[in-house]
Amino acid sequence: MVDIWQNAMDHAVTIARRAGEVVREALHEDRKVMTKSSSVDLVTQTDQKVEQLIIQSVKEKFPTHRFIGEESVAAGEVCELTDSPTWIIDPIDGTTNFVHTFPFVAVSIGFSVNKQSEFGVVYSCLEDKMFTARRGRGAFCNDQPLSVSDQEDIKQSVIATEFGSSRDPEAVNNIFTSLRNIVSLPIHGVRGAGSAAINLCLVASGCVEAYYEIGIHVWDIAAGSLIVTEAGGILLDVEGGPVDLMSRRILAANNTTIADRLIREIQSFSPPRDDEEVTQ
Ligand SMILES: O=P([O-])([O-])O[C@@H]1[C@H](O)[C@H](O)[C@@H](O)[C@H](O)[C@H]1O
Ligand SMILES: [Mg+2]
Ligand SMILES: [Mg+2]
């Protein structure tokens with residue numbers, strides 16, 4: 001059967017690799033660090049340059065497609081997911097890592113049609129790992145198939161999460177309450193790669209049982225979330241119920257047993273939605 005989005009996916013892999021080269025080259029150059037929503041929400045010229053590189057090259061090949069890009073939204077574009085084919089781009093997921101040369105930095109490209117994810121590409125460019133998933137066709141890392149962990153016991157699990165970039169005292173308090181609850185179950189450990197996209201790929205690879213975070217954005221998770229489900233994992237809202245990629249909340253897990261146990265321990269809160277202006 002002809003796969004009408006295969007061309008687009010091939011292009012996403014090619015451009016993610018090219019973007020990764022730009023990121024690698026920039027890693028040891030002088031980086032001018034700027035801030036966005038808070039003093040710890042960092043951005044560099046490389047984030048902006050890589051996003052433009054990806055958007056320009058996609059526009060040349062697929063002129064009717066739409067985009068949601070982290071740095072374009074930061075520059076004032078609306079964050080609206082329509083039924084049109086849409087590329088959802090995080091040019092550097094893990095900018096804080098990039099700034100500090102902490103070696104987990106990803107280029108993340110999701111692609112959605114009729115609001116359904118069709119493919120996801122996450123290139124962990126310092127590890128040179130290309131994670132890919134096509135809806136209904138499995139998830140891969142450097143062409144090797146991925147599958148989630150089969151662990152059902154939370155006490156034998158490693159869970160990934162992040163502190164994110166909000167330092168609002170109430171949010172910080174909720175994050176620490178959840179973390180204390182989960183660590184005290186007890187679990188084997190807590191990890192965080194500093195990149196939501198890589199954390200999702202770690203769930204897909206079976207290296208951690210689950211990843212949750214409140215405060216992420218649609219571009220952080222659009223690609224990695226399909227990689228998780230195509231590796232056999234599940235996605236939920238942190239209170240249970242279906243995930244909403246615009247809600248800034250996600251729980252990705254290997255199975256419902258682990259997910260349900262975490263939901264009981266997570267103290268949830270609701271940051272402003274990514275599409276808030278659009279839905280009002
Ligand atoms: O800003 P960025 O480096 O693209 O993305 C961030 C990373 O994924 C980080 O791990 C997560 O904790 C933040 O919530 C994201 O915003
Ligand atoms: Mg990101
Ligand atoms: Mg980013």
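Just so you know, ligand 1 is whichever comes first in the structure, and atom 1 is the first atom listed for that ligand. Just so you know, residue 1 is the first one in the sequence shown, and it goes up from there.
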Below 3.5 Å, N or O to N or O, backbone or side chain included: is there any such pair between [X] and ligand 1?
X	value
Ile216	no
Gly94	yes
Asn199	no
Ile92	yes
Ala196	yes

Can [X] and [Y] be counted as an ion pair, charged N to O under 4.0 angstrom?
X	Y	result
Glu21	Arg17	no
Glu230	Arg137	no
Glu70	Lys36	yes
Asp153	Lys155	no
Asp244	Arg249	no

- Which N, O or S atom of Glu70 lies nearest to the Mg ion (ligand 3), by name: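 Answer by atom name: OE1.
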- Atom name of the N, O or S atom in Asp220 that lies nearest to the Mg ion (ligand 2):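 Per the distance ranking, Asp220 contributes OD1 as its closest N/O/S atom to the Mg ion (ligand 2).
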- Restricting to N, O or S atoms of Asp93, which is nearest to the Mg ion (ligand 2)?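 Answer by atom name: OD1.
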Top protein contact for [atom], by heavy-atom distance:
atom	value
atom 9 (C) of ligand 1	Gly194 O, 3.7 Å
atom 6 (C) of ligand 1	Asp93 OD1, 3.7 Å
atom 16 (O) of ligand 1	Asp220 OD2, 3.6 Å
atom 12 (O) of ligand 1	Glu213 OE2, 2.7 Å

- Message: Here's a test for you: under side chain to side chain contact (heavy atoms under 4.5 Å, CB included), which of Asn255, Val203, Thr256 qualifies with Ile234?
- Response: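 Testing each of Asn255, Val203, Thr256 against Ile234, the sole residue satisfying side chain to side chain contact (heavy atoms under 4.5 Å, CB included) is Thr256.
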- Testing Leu200, Asn142, Leu146 for side chain to side chain contact (heavy atoms under 4.5 Å, CB included) with Phe131, which one passes?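 Passing option: Leu146.
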Donor-acceptor pair, [X] side chain versus [Y] backbone, under 3.5 Å?
X	Y	result
Glu209	Val158	yes
Thr86	Ser84	yes
Asn97	Gly94	no
Ser38	Ser165	yes

Out of all atoms in ligand 1, which are within 4.0 Å of some heavy atom of [X]? Include the element for each.
X	answer
Asp90	4 (O)
Ser195	8 (O), 10 (O)
Glu162	10 (O), 12 (O)
Thr95	3 (O)

- Message: So, 4.0 Å and heavy atoms of Ser165: is ligand 1 close enough to count as a contact?
- Response: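 Flag not set, Ser165 not near ligand 1.
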- Of the listed options Glu71, Glu70, Arg248, closest to atom 1 (O) of ligand 1 (non-hydrogen atoms):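 Residue with the shortest heavy-atom distance to the ligand atom: Glu70.
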- State, to the nearest 10 degrees, the angle whose vertex is the Mg ion (ligand 3) and whose arms point to OD1 of Asp90 and O of Ile92.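 OD1 of Asp90, the Mg ion (ligand 3) and O of Ile92 span an angle of about 80°.
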- Query: Does Arg135 make a cation-pi contact with Phe119 (under 6.0 Å, within 45 degrees of the axis)?
  - Reply: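 No, Arg135 does not lie over the aromatic ring of Phe119.
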